[in-house]
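The structure appears right after this line, and notes come after that.
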Amino acid sequence: MQTVLITGAASGIGRDTARLFAGAGWQCVLVDHNAPALQQLGRSLPAPASAPHQLRAVDLTDPVQIASLGDDTPRLDAILNNAGMSDASNTPLAEQDAAQMARLLALNLAAPAAVVDACGPLLKPGARIVNVASGAGLHAIPWRGAYSPSKAGLIAQSLALAQARPDLCVTVLAPGFVRTELVDGLIQAGRLKPEGALGKIPLGRMAAPEEMAQALYFLASSGAAPLRGQILAVNGGSSLHGGSQPLPPATLQPLPLDTPLQLEVCGGEGEAWQGVAPTAAVQPHYAACLDLSPLHCASAGVLQAVHAAAARFAARYTQQASLTLLLPSAQPRRWQDAGDGAAARMMVSTLACEWGSRALRINALEVPSGVDPQTLHPLLRFVCGSAAQYLTGQTLVCSAAAPGTPR
């Protein structure tokens, strides 16, 4: 049986994540400061086969209480540092009260590191650490106090941990606009205008908390190993859009997140990739294409290969489907060719903005030379499939497995 520790488990993304893990048979160590909500959640979860879930009412701004997580906690396959808070004061950052800012920084920035330190001896070999940051850590959001600085710090801290502990799989989830209680509160307070937010999101909608739960469930699995030390921005493409015109709203509701994947592999010798997902028709299904053609190009031909693959996809699919491209990760031999790869990645982002309102997604994976395709199959199933319907426009750089790390 696998065991996961989830902070901020009693509401929003954490609550949906706990339900997903418990439903899949994991033992959950659920941490939150809200003891009544935590108890209510615990009563609603299916019991694991052999060991009960643990409910830990802990104030994660208190280092002494965090240290107690190392006591009587079972061995862990994964830690999900999901707890966090925003700033509700609407006070300019330079005028903010130091004590209020200190509490936010304690929870958003100091607590994740302290949780890892407290539970470090409990981690199994190859354990996964997932820190939930935010798109606010990638782009400044004014009048939210130190929220953006705290999330930027968490991203940097996570990447440093990945470097310091290559035996672990450390990743960052950076959600965009998710319709949680926190976001609903900002909308009701007039501090977030939904129409303004949607105009910046290529997929034309906010995410549901269960979509972030699906991303966390994947990142807590052994299949996330190729993303070690990476940021997974599941934000509907909101971090990509740089245009001045608002984007159109979504025209379709997302499919159920467990809709079976119908995958077409094209663009090259695909035998090694056919095992990603079944090719037989299943109804209903989520349509996806995995195009290998850019992977087989010389450096100077990647841009043209990406464009050709996109044209083929757009001619066949008009709505609610995904295109995933495999790109070579090798550095070009000539400096004159260095722009081609960057242009290809920006083409992926631009297409995501143009296609998003029809629920057409596009993502790319940079693949190391000589990689065993089977090590990427779980990642491809996630990226291509219905569980990742809020992931678009991203180029993910895949790494080889660290020496001695279980896959």
Side-chain angles (χ1 to χ4, degrees), residues 200-205 232-243 245 247-248 250-252 254-255 261-270 273-274 276-277 279 285-330 332 337-367 373 376 379-386 388-398:
K200 300 175 183 177
I201 303 173
L203 286 177
R205 63 179 179 87
L232 185 66
V234 185
N235 58 20
S238 60
S239 60
L240 311 171
H241 180 231
Q245 296 183 2
L247 295 166
T251 57
L252 298 160
L255 292 171
L261 173 62
Q262 172 66 42
L263 182 66
E264 174 191 13
V265 180
C266 61
E269 297 295 327
W273 305 94
Q274 292 293 348
V276 172
T279 56
H285 64 256
Y286 184 79
C289 177
L290 173 62
D291 199 307
L292 312 176
S293 56
L295 186 62
H296 305 298
C297 290
S299 297
V302 172
L303 178 62
Q304 288 75 18
V306 167
H307 185 263
R312 288 192 297 269
F313 177 80
R316 182 166 179 182
Y317 299 97
T318 58
Q319 63 182 30
Q320 215 145 34
S322 74
L323 170 63
T324 303
L325 305 168
L326 297 189
L327 309 180
S329 63
D337 299 331
D340 211 63
R345 292 189 290 273
M346 183 55 74
M347 183 173 285
V348 169
S349 298
T350 304
L351 287 164
C353 292
E354 293 180 356
W355 290 351
S357 64
R358 292 178 287 145
L360 289 175
R361 301 189 298 115
I362 178 171
N363 294 286
L365 272 64
E366 289 192 6
V367 178
L376 298 181
L379 173 58
L380 287 167
R381 279 193 290 272
F382 172 72
V383 172
C384 295
S386 60
Q389 286 178 82
Y390 208 61
L391 177 69
T392 193
Q394 305 299 319
T395 297
L396 305 176
V397 180
C398 299

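- When the side chain to side chain donor-acceptor pair (under 3.5 Å) test is applied to R381, no partner is found at least two apart in sequence or on another chain.
- The side chain to side chain donor-acceptor pair (under 3.5 Å) search around R316 returns E264, not counting sequence neighbours.
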One pair to check against side chain to side chain contact (heavy atoms under 4.5 Å, CB included): V234 and Q394. What are the steps and the verdict? CA-CA 9 Å; V234 185; Q394 305 299 319; over 6 Å; no
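- Every residue two or more places apart in sequence or in another chain was checked for a side chain to side chain donor-acceptor pair (under 3.5 Å) with Q320, and none qualifies.
- For R205, the salt bridge (Lys or Arg N to Asp or Glu O under 4.0 Å) test picks out E211, with sequence neighbours left out.
- For the side chain to side chain contact (heavy atoms under 4.5 Å, CB included) test, residues two or more places apart in sequence or in another chain that qualify with A388 are R361, F382, L391.
- The shortest heavy-atom contact between L263 and C384 is CD1-SG, 4.1 Å.
- Under the 3.5 Å distance criterion, the side-chain polar atoms of Q389 are matched with a main-chain donor or acceptor of L255.
- Sorted pairs that involve residues 346-360 and meet side-chain hydrogen bond (donor to acceptor under 3.5 Å, both in side chains), not counting sequence neighbours, are lacking altogether.
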Side chain to side chain contact (heavy atoms under 4.5 Å, CB included) between C398 and S329, intermediate numbers included: CA-CA 8 Å; C398 299; S329 63; over 6 Å; no
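- Minimum interatomic distance between M347 and V306 (heavy atoms only, all atoms of both residues): SD-CG1, 3.9 Å.
- Remark: A352 engages L240, I362, T392 in a side chain to side chain contact (heavy atoms under 4.5 Å, CB included) (not counting sequence neighbours).
- Summarising the geometry of A359 relative to L252, their closest heavy-atom pair is CB-CD1, 4.3 Å, with the distance given to 0.1 Å.
- To the nearest 0.5 Å, atoms SG (C297) and CG (L292) are separated by 11.0 Å.
- Scanning all heavy atoms of the two residues, the minimum distance from L323 to A310 falls at CD2-CA, 4.0 Å.
- Checking side-chain atoms of T324 against main-chain N and O of A364 turns up no donor-acceptor pair under 3.5 Å.
- Minimum interatomic distance between L326 and P294 (heavy atoms only, all atoms of both residues): O-CB, 3.4 Å.
- For the pair L396 and N363, the minimum side-chain heavy-atom distance is 4.5 Å or more.
- Among residues two or more places apart in sequence or in another chain, the side chain to side chain donor-acceptor pair (under 3.5 Å) test is passed with D291 by S293, R312.
- D340 and L303 make their closest contact through OD2-N, 3.0 Å (heavy atoms, listed as atom of the first residue, atom of the second, distance).
- In this structure the side chain of P328 reaches within 4.5 angstrom of the side chain of V302, judged on heavy atoms.
- Between T251 and Q319, every side-chain heavy-atom pair lies at or beyond the 4.5 Å cut-off.
- In this structure, N235 CG and I201 CD1 are separated by 8.0 Å, a value rounded to the nearest 0.5 Å.
- Y286 is listed as a side-chain neighbour of S322, based on a closest heavy-atom distance under 4.5 Å.
- Considering only heavy atoms from C-beta on, L295 comes within 4.5 Å of V367 through its side chain.
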